[in-house]
Amino acid sequence: MLVLIYIVSLFLLVGLGFYVFVADPRSRAHQTFATFIAFLALWITKDMIFWNFFPVDEAAGWWASVSFVIALLMQFAMVVFAWVFPEGSRTPRKRAAILFAPAIVLVPAAFSGLLWTRIGFDTGRFAIELTPLAYAFVAYVYFVFVYAARVLWQKYTSYRGTQAGQQVGAILWSLIITGTLKTVANLVFPYFGRYDLLPLSALFILPGVVVYAYAILNFKLFSLQTALNQFRLFPIAYKVALSIASVAVLSFVIFQVPIVYLAFRNGMDEEAWRRYLVFSIITAMIPNLVLVLLVLRILSRPIQRITLAAIAVTKGGYGTRVDMRKTNDEIGLLAESFNEMSRKMAADIEQLKRLNDQLIRTEKLAAMGTLAAGVAHEVNNPLASISSIVQIMRKESGHSDETRERLGLISAQIERIKQVTGDMTDLARSKPAARSTLNVNDVVETAIRLATFDRAFQKITLIRRMGAGLPEIVADEDQLQQVFLNLLLNARDAMPDGGTLEISSYSDEESVVLEFADDGAGIANEMSGRVFDPFFTTKPAGKGTGLGLAVCYGIVTAHGGSIELHSNEPEGAVFRVKLPFA
Ligand code: ADP
């Protein structure tokens, strides 16, 4: 029965110590308190072993020495704890050195049997005759104990009314209760020759544990919240430790106990030992295998997945994600960070590509523009002569109807060439000429009014979603009008039999955004990258020059904005123009 109570207390203490340590492994307060608990557990262990298994003369000396020393170490841990709790302050080194110095003499003295003249069970009952040094030892232990209590009391008074105050109060209560009970069992009764309480003294630790449990639950002493946070940082060690512990306990219960029972139930003869060894060797492999599987699960497999993803990224698979269940340990954190890194990398590279494309296009446009302007200039002069000659000829009388018609045709073709060379000159000259502060909605309205003169455009249903109160921009009004008119007429060309064109305007953080969304023929994906290229057109010869969007691009970028073909699904095209605020 006594053994059972010892084991229960031991488990409670180990559980408490583990909890306190795990709650915040880096905190001095947690470390020292866990150490204090560990000494308590040691105290119980040595009592359990001595009083249940070796209550004989030879062991008594060891028991007494260890008791003295653990009692002292326990007080040391408590003092350090009192110094650092709850604010995590540093240990005052000089003070610690002075306070702990007597241990240098006393601990060796305890182990050399200098604390008693006689110890053992010679009268059938336990008895010990202490030397004056033992009394000095005990006095010193109590001195340290009282010192710790005093430090805690000072903290209690300065923190009174706060949660930290309640925590310190609970620790003080526990110290007072266990300290008193143990003093009665270990000193007062033995002093009067009654040693029968000694075996029970270890159990007087339990009320203290109850007080700690109460404070943990009610005053957030060694808060579990921190424990959970810490669990994100330290868990693999704990997971492995827990796996090993559970496998050990389980294999003990499942294998070891039955094996011992089966092997030795008929006595301890040679045959029984042989049985025991064979059973043990066979079953020993199972827990090991289970452990290997557990470690594989916790460590190897997730690391392998991360490695595979990393290799995929090095091979250019930017954006590759680690495919695994979320775990709350370092590996989970690593996987999460890896995924984030991979995503960012993919996004950045995508952005770089876009910028690069834009740069190439702008450069191409500039080169084309210069070339186009040169060609336009060379063409324009002879064209002007031809044009005026044709005009003169048309005014002359005496032409046959056929000639008159042909002259008309020549005139129309000259107009077309002029249109093309005009566009080509625009391409070269996309710098905003005149800048004024304007409202984009007004410019769009003017462009729409101009477009409505066109017959085909009239067949289109217009939907306007113009944002109210948009910030003004500084731009060349004529050029912007040209851009919007171009987009409107392109939409018209994409919907020869009519359709819907939705025009919207709104603003984001830094610019005014305009969207022209039609439900016309749309633009095939493989072509969408080229629509802004000069001379790219899908329209029949004589209808399109392929310069419209190139000119738009030049104008918008010269205004510090951007124009992009946003989407063309399921059909139709959306052009989005962004113009920065004034
Ligand atoms: P052009 O209109 O003279 O062909 P652009 O540079 O304005 O030259 O347009 C280039 C090409 O982009 C067009 O030929 C057409 O294929 C395509 N495109 C432009 N706007 C649209 C639109 N709204 N819907 C479908 N395709 C379009």
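First listed ligand is number 1; within each ligand, the first listed atom is number 1. This is a predicted model, so every value here is computed, not measured.
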**Fill in**
In terms of its nearest heavy atom to atom 22 (C) of ligand 1, the top option of Leu501, Asn486, Leu565, Asp518 is Asp518
**Asked** Which residue from Asn490, Leu487, Thr537, Ile523 reaches closest to atom 20 (N) of ligand 1 through any of its heavy atoms?
**Response** Asn490
**Complete:** The closest protein heavy-atom partner of atom 2 (O) of ligand 1 is Lys539 NZ, 2.6 Å
**Request:** Measure the spacing between CG of Leu488 and CZ of Phe457 and express it to the nearest 0.5 Å.
**Result:** 4.5 Å
**Message:** Salt bridge or not between Lys344 and Glu340? Use side-chain N to carboxylate O under 4.0 Å.
**Reply:** yes
**Fill in**
For Ala494, the atoms of ligand 1 under 4.0 Å from one of its heavy atoms are 22 (C), 24 (N), 25 (C)
**Prompt:** So, Gln481 side chain and Ala447 main chain: donor-acceptor pair closer than 3.5 Å or not?
**Reply:** no
**Asked** Does at least one non-hydrogen atom of Ala521 fall below 4.0 angstrom from an atom of ligand 1?
**Response** no
**Asked** Of all the non-hydrogen atoms in the protein, which one sits nearest to atom 16 (O) of ligand 1, and at what distance?
**Response** Thr538 OG1, 2.4 Å
**Message:** With a 3.5 Å distance limit and no angle check, can you tell me whether His559 reaches the backbone of Asp476 through a side-chain donor-acceptor pair?
**Reply:** yes
**Asked** Counting only heavy atoms, which portion of Phe532 has something under 4.0 Å from ligand 1: side chain, backbone, both, or neither?
**Response** neither
**Prompt:** Does a side chain donor of either Arg354 or Gln351 reach within less than 3.5 Å of an acceptor in the other side chain?
**Reply:** yes
**Item:** Protein heavy atom at shortest distance from atom 6 (O) of ligand 1
**Value:** Leu549 N, 2.8 Å
**Request:** Taking the side chain as every heavy atom from C-beta outward, state whether Ile448 and Arg464 have any pair of such atoms under 4.5 Å apart.
**Result:** yes
**Request:** Please identify which atoms of ligand 1 are closer than 4.0 Å to at least one heavy atom of Phe575.
**Result:** 20 (N), 21 (C), 23 (N)
**Asked** Within the side chain of Asp518, is there an N or O that forms a donor-acceptor pair under 3.5 Å with the backbone of Gly572?
**Response** no
**Request:** For atom 3 (O) of ligand 1, state which one of Gly546, Gly572, Gly548 supplies the nearest heavy atom.
**Result:** Gly546
**Request:** Report, in ascending order of atom number, the atoms of ligand 1 lying under 4.0 Å from any heavy atom of Phe536.
**Result:** 10 (C), 11 (C)
**Prompt:** What about Phe222 and Phe33, are their ring centers closer than 6.0 Å?
**Reply:** yes
**Prompt:** With a cut-off of 4.0 Å, which atoms of ligand 1 are near a heavy atom of Val531?
**Reply:** 6 (O), 10 (C), 12 (O)
